[in-house]
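One structure below.
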Amino acid sequence: MLDLHLPAEMLDHVVGHLHNKPVTLKQCCLVSKSWIPRTRKHLFADARFQAAENLRSWRETFPDPLTSPARYAKTLYIDPLVVTAADAEVDDWIRGFSRVEHLVVGSRRSVVGMSEVSFVPFRGFSPILKSLRVDVPILPSARIFKLILSFPLLEDLAAIAHKTSVGSDDGSGENEMQAAAQPSSSPTFTGSLELHLGGGMGSFARRLLSLQGGIHFRKLIVTWVHKEDPLTTMALVEACAHTLESLNISKSYCTSIQHPHPHR
Amino acid sequence: VLIPSNPSIFLNHIVRPFSIRIRTDDLILFPDGPGSPLVDLSGATKLKHVVFQLDSWNVQWVITALQTTIPKHRDLRQITIDVPYNLARKTFETSFRQANSFEENFKWAVGEANCEQWLDFDHLLVQLWESRSIHTKGECVVMCFMKDYVLCLLPEATKKGIINLAEHQYGTQWI
């Protein structure tokens, strides 16, 4: 009935004030059909899949990705180990999250299994993705980088890991090289870059620095853990010299930087 | 290997612009010894805010980095020094072993050489403040129990009111 008397914008505004009250929002959702989209926008703004049950439950409740409330999600949290273990056909549901702007790929589980995780299904699932945060025990550098490059509008990037894998990454034999076409242009990278990599930032930074379009970050947050990290930081600062407005350097307290071995 | 284009840095040869020492040994990153890597910010002239989180009371690397911002960086508004909880706790645990005044104990725990570096840093903050039309403000982020002690390391900046003290806000992260 309210719909008849109040403009939609005003109703949106009223419901917007309830964005952090899920119980009330669920009640609002039952008012009328026209209220469903404006409440779902807030109810499903953050989607988290950090346990196998979460994903199973989601797929059972919303079997059709096209009609699921996934399209309301702005932030998506994924534990790649959970998702991969729970659903081999991960591709189906992830495509529904095509309007996600912030993706967090995180896991605090053991490093075992990270080498088996495939990021192919996640590539480019949301063409408007603006920020990506990867926080895992071991960073499969090459595969993560392919994931990064699949989001053309990416502005903010964070990579946090205790270790980084080296070389072509990790043995899962991923037919990923062929699975996804390489993008013609790299992301814009005009926001912030945060790097805290236990194995050193070098290899990851080199990939960034070799991008054709360059990097244009305005904010740089780095943690020095490895002896080469200061030099890597300087290279990043130089690459972003014309745009950099904020620089945050942390020296890891537990792992004080030591003298590099002399090159004889 | 990532090699910066700054002409003052070459493999195996370092010429630090504001140092009276010139080293030509193999210690590429650490012209001041352990814990003092060289960070050249001279090219990043749009910098507005820099934050240095310490792992020890050695601030030579901070001074070295800030010296490279003189005189081009006219937009630099704030310099933040972050003293993390672990460092603060360790310092306090060490200082309790002495039986002098709290301030003396604190300075003893920080170390004489480090205290001198902080005085240099103090002087640099004042210099940056006075040399620019848009003042560069200093900020120290510390644990609440350490606020009064840190000020004694920065006497001139404290006296001129150009250093702001902030407390650590340890929030929760996701996961």
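Note: hydrogens, waters and symmetry copies are ignored here, and every other heavy atom, side chains too, is used. To find a chain, count down the sequence lines: A is the first, B the second, and so on, and within it residues start at 1.
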Just how far is it from atom [atom1] of [X] to atom [atom2] of [Y], taken to the nearest 0.5 Å?
{"X": "A:N248", "Y": "B:D82", "atom1": "CG", "atom2": "CG", "result": "7.5 Å"}
{"X": "A:E245", "Y": "B:L76", "atom1": "CD", "atom2": "CG", "result": "12.0 Å"}
{"X": "A:C240", "Y": "B:K46", "atom1": "SG", "atom2": "NZ", "result": "12.0 Å"}
{"X": "A:K251", "Y": "B:N58", "atom1": "NZ", "atom2": "CG", "result": "6.0 Å"}
{"X": "A:I249", "Y": "B:L41", "atom1": "CD1", "atom2": "CG", "result": "6.5 Å"}

Partners meeting side chain to side chain donor-acceptor pair (under 3.5 Å) with A:H102 (sequence neighbours left out) =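 Counting only residues at least two positions away or on another chain, A:H102 forms a side chain to side chain donor-acceptor pair (under 3.5 Å) with A:S131.
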
Minimal non-hydrogen separation, B:G43 against A:A241, with atom names =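 Smallest interatomic distance, heavy atoms only, reads O-CB, 3.5 Å.
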
Mind listing the closest non-hydrogen atom pair of B:A44 and A:L244 along with its distance?
->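 That closest heavy-atom pairing would be CB-CD2, 4.4 Å.
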
Heavy-atom side-chain contact between A:W224 and B:D55 under 4.5 Å | no

